[in-house]
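To start, the structure under review is shown below, and the notes come after it.
Note that the coordinates shown come from a computational prediction; the quantities given were computed from them, not determined experimentally.
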Amino acid sequence: MDVLISGAGIAGPALAHWLVRAGHDVTVVERATGPRSGGQAVDFRGRAQMGVLERMGVLEEIRARQTHMGAVDIVDAGGSRLASLPSDLMSGEVEIFRGDLADVLRATTDATYVFDDSITALTETARGVEVSFERSADRRFDLVVGADGAHSAVRRLAFAPRAPHHLGFYAATFAVAERPGLRGRGEMFSVPGASAGVNGYAGRTIGAFHFAAPVLDVDYWDAKGQQDLLAERFAGVGWQVPELLREMRAAPDFYFAAAEQLRLDRYAKGRVVLLGDAAFGPGPGGMGSGLAVVGAYVLAGELAAAGGDHRVAFERYERELRPYVAVCQKQAQGADRFLVPGTERQIRGRDRTFRMLSWMPGKGLIAKLASRAANAIELKKY
């Protein structure tokens, strides 16, 4: 089949890998002008996620590029440690920067990548899907896959509008200058309803802000407006926040997003199907990257098992994946209590919990809790 995938982040290239291996012609269209570098760190854990990476043949390359991130310390305004979050909770079994992961996935296949373009119209006919682009000429495809993130153009064009479920906070990440003594570990500082952090990776240091808020009228393509909002929200907050706000303005990779989940009634309509955050984004703490690669494996596998019958394959894909999506989304629903506790008392309670868990046998409990949701699916061998 001739398949169009919208989105060259994680889900799109992962699906392209499997579809090309199965003999399909795959085109990946991406709105960005070129491959994105850097970005936030993403992690994988559990039998299913690690198993898919191994079956793709990319696990060793991912390990070679992993961040080697250690524990994250919760600190007070003076930098003294109050509690520590172990790496198996924060960074999974393997962690890699999003841009590095996309590079690894793209290198596994000879799919055609078209950057600086996007889909503007979809019309399904008896012969396929007629697709119009912002820059390229119109083309017909047998299938169209929306793997273009939380603000998916494919979902907007092909499905009824559906507002995401807001999880109560917003997040931002950006590159900052290296902090002496912070390599291989991170620090996080909290005030009621907000937190700031710095993670010192090898060769790269990332700053982060999180703040509690209801749904805000935010233009997701207006970085300056987003930075103004953060500067207002974090005005007067101590620790390293004033310096982080200054560095944020000059960061080349500034990223801002609402913490939200997408809860769709269906993932497919006709010859159009959604994948990754475009279909079931779980939000922070919901293992979105792991869910994306598992979803790509299941979607490609069901297409192969159904002999290319997209109606049968899409139905099986959704039936197979929905229980796993539900578990991942449920795990993410408590992220606000960890990242943006609303009161000083709640902050102290969070810190006390992690101090207790850092003792034995608490360390084993943390590892078990971190992998339980990741192991909530048994993969078929397609």
Side-chain angles (χ1 to χ4, degrees), residues 36-43 67-85 87 90-91 95 97-99 167-213 216 218-259 283-285 335-336 338-342 344 346-347 350-351 354:
R36 292 187 175 101
S37 61
Q40 66 195 94
V42 299
D43 65 78
T67 65
H68 298 288
M69 187 63 184
V72 175
D73 293 335
I74 300 174
V75 299
D76 62 18
S80 298
R81 184 173 67 179
L82 303 173
S84 187
L85 311 176
S87 60
M90 302 299 292
S91 303
E95 184 182 57
F97 285 109
R98 186 181 184 90
L167 296 177
F169 65 100
Y170 287 78
T173 62
F174 45 92
V176 299
E178 183 177 358
R179 267 53 174 179
L182 201 63
R183 176 168 292 191
R185 67 182 190 87
E187 292 182 345
M188 184 173 75
F189 170 70
S190 295
V191 295
S195 67
V198 181
N199 285 346
Y201 303 98
R204 188 179 302 171
T205 305
I206 302 295
F209 289 127
H210 297 85
F211 68 96
L216 302 175
V218 177
D219 182 348
Y220 282 92
W221 306 109
D222 178 13
K224 183 181 183 303
Q226 297 161 6
Q227 292 169 355
D228 290 344
L229 175 64
L230 288 163
E232 179 181 349
R233 176 61 184 85
F234 284 87
V237 178
W239 189 58
Q240 300 182 35
V241 168
E243 185 178 358
L244 289 171
L245 288 172
R246 288 192 295 271
E247 292 177 287
M248 171 189 73
R249 297 287 188 178
D253 60 348
F254 175 78
Y255 173 80
F256 179 93
D336 58 333
F338 162 63
L339 290 168
V340 290
E344 290 285 1
Q346 290 171 344
I347 292 173
R350 177 203 62 187
D351 297 349
F354 281 105

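Nearest approach of Pro284 to Leu167, heavy atoms of both residues: CD-CD1, 4.4 Å. Taking both residues in full, the closest heavy atoms of Ala172 and Leu230 are given as CB-CD1, 3.6 Å, listed atom of the first, atom of the second, then distance. Summarising the geometry of Thr205 relative to Glu178, their closest heavy-atom pair is OG1-CA, 3.4 Å, with the distance given to 0.1 Å. Here the shortest heavy-atom pairing between Ile206 and Ala175 reads CD1-CA, 4.1 Å. In terms of heavy-atom proximity, Tyr255 sits nearest to Gln40 at CE2-OE1, 3.4 Å. Heavy-atom minimum distance, Ala83 versus Asp351: CB-O, 3.6 Å.
Aromatic pair Phe169/Phe338: centroids not less than 6.0 angstrom apart.
When atom types are taken as modelled, the side chain of Tyr201 and the backbone of Phe97 share no donor-acceptor pair closer than 3.5 angstrom. In this structure, Arg185 contributes its side chain and Arg183 its backbone to no donor-acceptor pair below 3.5 Å. A donor-acceptor pair is defined here as one N or O able to donate and one able to accept, closer than 3.5 Å; such a pair exists between the side chain of Ser195 and the backbone of Leu339. Side-chain N or O atoms of Glu95 include none that pairs as donor or acceptor with a backbone N or O of Ala41 at under 3.5 Å.
In this structure, the side chains of Leu244 and Phe234 stay at 4.5 Å or more apart for every pair of heavy atoms. Annotation: side chain of Val198 is in contact with side chain of Trp239 (closest heavy-atom distance under 4.5 Å). Side-chain atoms of Phe189 and Val237, non-hydrogen and from C-beta on, do get closer than 4.5 Å to each other.
One finds the CD atom of Gln346 at 10.5 Å from the CD atom of Glu344 (value rounded to the nearest 0.5 Å). Rounding to the nearest 0.5 Å places NE2 of His210 at 11.5 Å from CG of Asp336. A distance of 11.5 Å separates NZ in Lys224 from CZ in Phe254, rounded to the nearest 0.5 Å. The CD1 atom of Ile74 lies 4.0 Å from the CZ atom of Arg350; values are rounded to the nearest 0.5 Å. The distance from atom CG of Leu82 to atom CG of Asp73, rounded to the nearest 0.5 Å, is 9.5 Å. Expressed to the nearest 0.5 Å, how far CZ of Arg249 lies from CG of Asp228 amounts to 4.5 Å.
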Go through Leu229 and Phe256 one step at a time and tell me if the side-chain contact (heavy atoms from CB on, under 4.5 Å) criterion holds.
CA-CA 11 Å; Leu229 175 64; Phe256 179 93; 4.0 Å; yes
Assess the residue pair Glu187 and Arg81 against the criterion (salt bridge (charged side-chain N to carboxylate O under 4.0 Å, His left out)); give the C-alpha distance rounded to whole Å, side-chain angles, the decisive distance to 0.1 Å, and a yes or no.
CA-CA 9 Å; Glu187 292 182 345; Arg81 184 173 67 179; over 6 Å; no
Please step through side-chain contact (heavy atoms from CB on, under 4.5 Å) for the pair Phe354 and Val72, ending with a clear verdict.
CA-CA 11 Å; Phe354 281 105; Val72 175; over 6 Å; no
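Cation-pi geometry between Arg233 and Phe209 is not met at under 6.0 angstrom from the ring centre and within 45 degrees of the axis.
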